[in-house]
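Computed from a predicted structure; not experimentally measured.
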Amino acid sequence: DGSAWGQQQPASRDVGYPGYPQAETPQQLASALEQFDAAKQLFRGDIRRWLFDHHDPALAERVEQIEENYTQDPQAGLQKLRFLLDPTLPLRVGQHQVRGLADLLQLLTANEPAINAELSRLLFSGSLSAWMDTLSGLKDRQTLLDKVATISEKLRYKNADLALFALRCTLDPRQPLPLIRDINLQHPGEIETVLRRAPQAKKALAERVMEGYFEQWLRAAQFPGWEEDVSFIRSCRIVYAHQHALLTRAVRWRFQPEQAFPFGGQSTSDPRELAMMIDRDERSRQQGLKLLVGGWIRAWLVATGRLTNPDALDQVLWSSQSSQESKLESVLQLMAPDLPKPQLAVKFSTINFGSLDPEQARSKTIVVRNSGRGHLSGDLRLHDYDRGFSIDNNDIDGNDTLIRVTATSLGMPEDSRQ
């Protein structure tokens, strides 16, 4: 609770404030700020000079800070002045008088719509911070004020309920994350335990992540590694915005990374073993391709930390030049670097075009095959493009690719054989 400012110069108490002479003390002036143009007189220094000359130079110095910091938000500055002049004044929230953080937390926990609307107004107007800054005995004052200011700034135009939830968790970091009726999350490490008890809460978990509640809860509670977890959650909201089932699974993998990846009736915790399972036969490769395209393999690798730097993986997945089968082969190689690579093979290394007719081009077809495992892909290029040769296909993508090579006499020696 606040306590009144001491009277530093008792002999001057009867000197009324020039802008409102009826007010002879800072406390009386605090109660009369609506009776005159207090904002104008505050920012031109009138109130500060009166306090310095007749009451308390230290108080005048704090008023000067309001003049310097609240020029863009005069009403918030005026509210801060009110509580600074008389710290015993309660914060009025509807019919309630709030005299400390415990009272504020009680109102936030009650979660009444009318009260929430008033609390939102006080939060976003800066009045709440102004009042909190005048409370005596406030632990870690500046840290708390910075957190409240961040909530007000970042969530002002998003969701008032989310802002009040963030405020509640900031005042009491032990607050749980509510999922569904009577089901709360006390710690992210308990997600699996909670979902086993209440599987119907999976949808609510995805919603809490997408709506920002999960992030604000982590920020306030500051569990070990919370900054990395917040970064991960923010990424999930972007990457899995339209895949709530995958979003939920990614979050679950994040906070219980030892979970195995299910595949074909089996499961594995080893990326190399998963690559081998996918590469077992054509049917398993098709199943693996489906999981890759759906984002499940990346989610598992990244969320569990099995792939600490996803850049190489993302370059493969986001390429617009490669087929999905080619991407799968590249991902398998990333998960199992010792996996044998596909092998290019052709039936012959020389194409005999014979003697070329000056009036007519001649073409030959070759087949590029994969003599090894996996999916063959790559680029085919001619060494020289100005020697009369051309090819109709530069891309090798698949285990049997037809390439048509055409030769013309243009640019070639007369009567030569090619």
Q) Is R285 paired with E329 through a side-chain N to carboxylate O contact shorter than 4.0 Å? A) yes

Q) Any side-chain donor paired with an acceptor under 3.5 Å for S284 and D281? A) yes

**Q.** Worked check of salt bridge (charged side-chain N to carboxylate O under 4.0 Å, His left out) between R44 and D46
**A.** CA-CA 6 Å; R44 72 185 183 192; D46 296 354; 2.5 Å; yes

Q: Verify the neighbour count for atom CZ of R234: are there more than 12 heavy atoms of other residues, nucleotides or ligands below 6.0 Å?
A: no

Q | S330 (side chain) donor-acceptor with S326 (main chain) under 3.5 angstrom | A | yes

Q. Ignoring hydrogens and geometry, is there a side-chain-to-backbone donor-acceptor pair from T134 to W131 under 3.5 Å?
A. yes

**Q.** Closest approach of Y240 to A250 (non-hydrogen atoms, all atoms of both residues)
**A.** CE1-CB, 3.8 Å

**Q.** Any side-chain heavy-atom pair of R219 and V230 under 4.5 Å
**A.** yes

Q.
Quick one: does any side-chain atom of T170 pair with a main-chain N or O of A166 as donor and acceptor, under 3.5 Å?
A. yes

Q: Output the distance between atom CD1 (I278) and atom CD1 (I297), rounded to the nearest 0.5 Å.
A: 4.0 Å

Q. Given D395 and N393, is the side chain to side chain contact (heavy atoms under 4.5 Å, CB included) satisfied, shown in steps?
A. CA-CA 6 Å; D395 297 321; N393 185 7; 3.9 Å; yes

(Q) Using only atom types and a distance under 3.5 Å, with no angle test, would you say the side chain of K341 pairs donor to acceptor with the backbone of Q333? (A) no

Q) Do the side chains of V316 and S322 get nearer than 4.5 Å, heavy atoms only? A) no

Q: Count the heavy atoms belonging to other residues, nucleotides or ligands that lie under 6.0 Å from CZ of R156, then report whether that count exceeds 12.
A: yes

(Q) With heavy-atom distances below 4.5 Å as the criterion, would you say the side chains of L307 and P271 are in contact? (A) no

Q. Please walk me through it: do F165 and L177 pass side chain to side chain contact (heavy atoms under 4.5 Å, CB included)?
A. CA-CA 9 Å; F165 172 77; L177 176 69; 3.8 Å; yes

Q. Without hydrogens or angle criteria, can the side chains of Q259 and R249 be said to hold a donor-acceptor pair below 3.5 Å?
A. yes

Q) Do the non-hydrogen side-chain atoms of L185 and R208 ever get within less than 4.5 Å of each other? A) no

Q | Crowding at CD, E61 (>12 non-hydrogen neighbours, <6.0 Å) | A | no

Q. Does the R168 side chain pair with the main chain of T109, one donor and one acceptor, at a distance under 3.5 Å?
A. no

Q.
Is any side-chain heavy atom of M276 closer than 4.5 Å to one of R272?
A. yes

(Q) If I compare all heavy atoms of I66 with all of G77, which pair ends up nearest, and what's the gap? (A) CG2-O, 3.6 Å

Q) Does a side-chain heavy-atom distance below 4.5 Å link T304 with F261? A) no

Q.
Does Y157, at its OH atom, have more than 12 non-hydrogen atoms belonging to other residues, nucleotides or ligands within less than 6.0 Å?
A. no

Q: To the nearest 0.5 Å, tell me how far Q216 CD sits from L218 CG.
A: 9.5 Å

Q. What's the shortest heavy-atom distance between I391 and L380, and which atoms?
A. CD1-O, 3.8 Å

Q. Quick one: CD on Q65 to CZ on R62, what's the gap to the nearest 0.5 Å?
A. 7.0 Å

(Q) Please check this pair: side chain of K327 against backbone of L317, looking for a donor-acceptor N/O pair closer than 3.5 Å. (A) yes

Q | NZ on K80 to CG on D133, rounded to 0.5 Å | A | 3.5 Å

(Q) With side chain to side chain contact (heavy atoms under 4.5 Å, CB included) as the criterion, how do L171 and L144 come out once you've worked through the C-alpha distance, each side chain's angles and the decisive distance to 0.1 Å? (A) CA-CA 8 Å; L171 297 180; L144 178 60; 4.2 Å; yes

Q. Taking it one step at a time, do L195 and I191 satisfy side chain to side chain contact (heavy atoms under 4.5 Å, CB included)?
A. CA-CA 6 Å; L195 293 185; I191 290 177; 3.8 Å; yes

Q.
So does P262 get a backbone contact from the side chain of W300, meaning a donor-acceptor N/O pair under 3.5 Å?
A. no

Q) Counting only heavy atoms not in Q106, do more than 12 sit closer than 6.0 Å to its CD atom? A) no

**Q.** CD1-CG distance between I396 and D379, expressed to the nearest 0.5 angstrom
**A.** 8.0 Å

(Q) Does E34, at its CD atom, have more than 12 non-hydrogen atoms belonging to other residues, nucleotides or ligands within less than 6.0 Å? (A) yes

Q.
Quick check against the 3.5 Å criterion: does R373 have a side-chain atom that pairs as donor or acceptor with the backbone of P340?
A. yes

(Q) Would you say that more than 12 heavy atoms from the other residues, nucleotides or ligands in this model lie under 6.0 Å from the CD of Q142, or not? (A) yes

**Q.** Heavy-atom closest contact (E215 atom, I233 atom, distance)
**A.** CB-CG2, 4.4 Å

Q: Apply ring-ring contact (aromatic ring centres under 6.0 Å, His included) to the pair F223 and W226, showing each step before the final yes or no.
A: CA-CA 5 Å; F223 302 108; W226 69 272; 9.9 Å; no

Q) Just wondering, are more than 12 heavy atoms of other shown residues or ligands nearer than 6.0 Å to CD in Q72? A) no

Q.
With a 4.5 Å cut-off on side-chain heavy atoms, are L91 and D103 touching?
A. no

Q. At their closest point, which heavy atom of F124 faces which heavy atom of A163, and how far apart are they?
A. CZ-CB, 3.7 Å

Q: Return the orientation label for the Y20 and F36 ring planes: parallel under 30°, perpendicular over 60°, tilted otherwise.
A: parallel

Q. Is a side-chain donor or acceptor of R362 paired with a backbone partner of L356 at a separation under 3.5 angstrom?
A. no

**Q.** L135 to R99 - nearest heavy-atom pair and separation
**A.** CD2-O, 4.1 Å

Q.
Can you classify the ring geometry of W50 versus Y17 as parallel (below 30°), tilted (30 to 60°) or perpendicular (above 60°)?
A. perpendicular

Q.
Tell me if a side-chain donor or acceptor on D229 pairs with a main-chain N or O of F232 at a distance below 3.5 Å.
A. no

**Q.** Separation of F83 CZ from Q79 CD (nearest 0.5 Å)
**A.** 5.5 Å

Q: Determine whether R197 and V194 make a side-chain contact, defined as any pair of heavy atoms from C-beta on separated by less than 4.5 Å.
A: yes

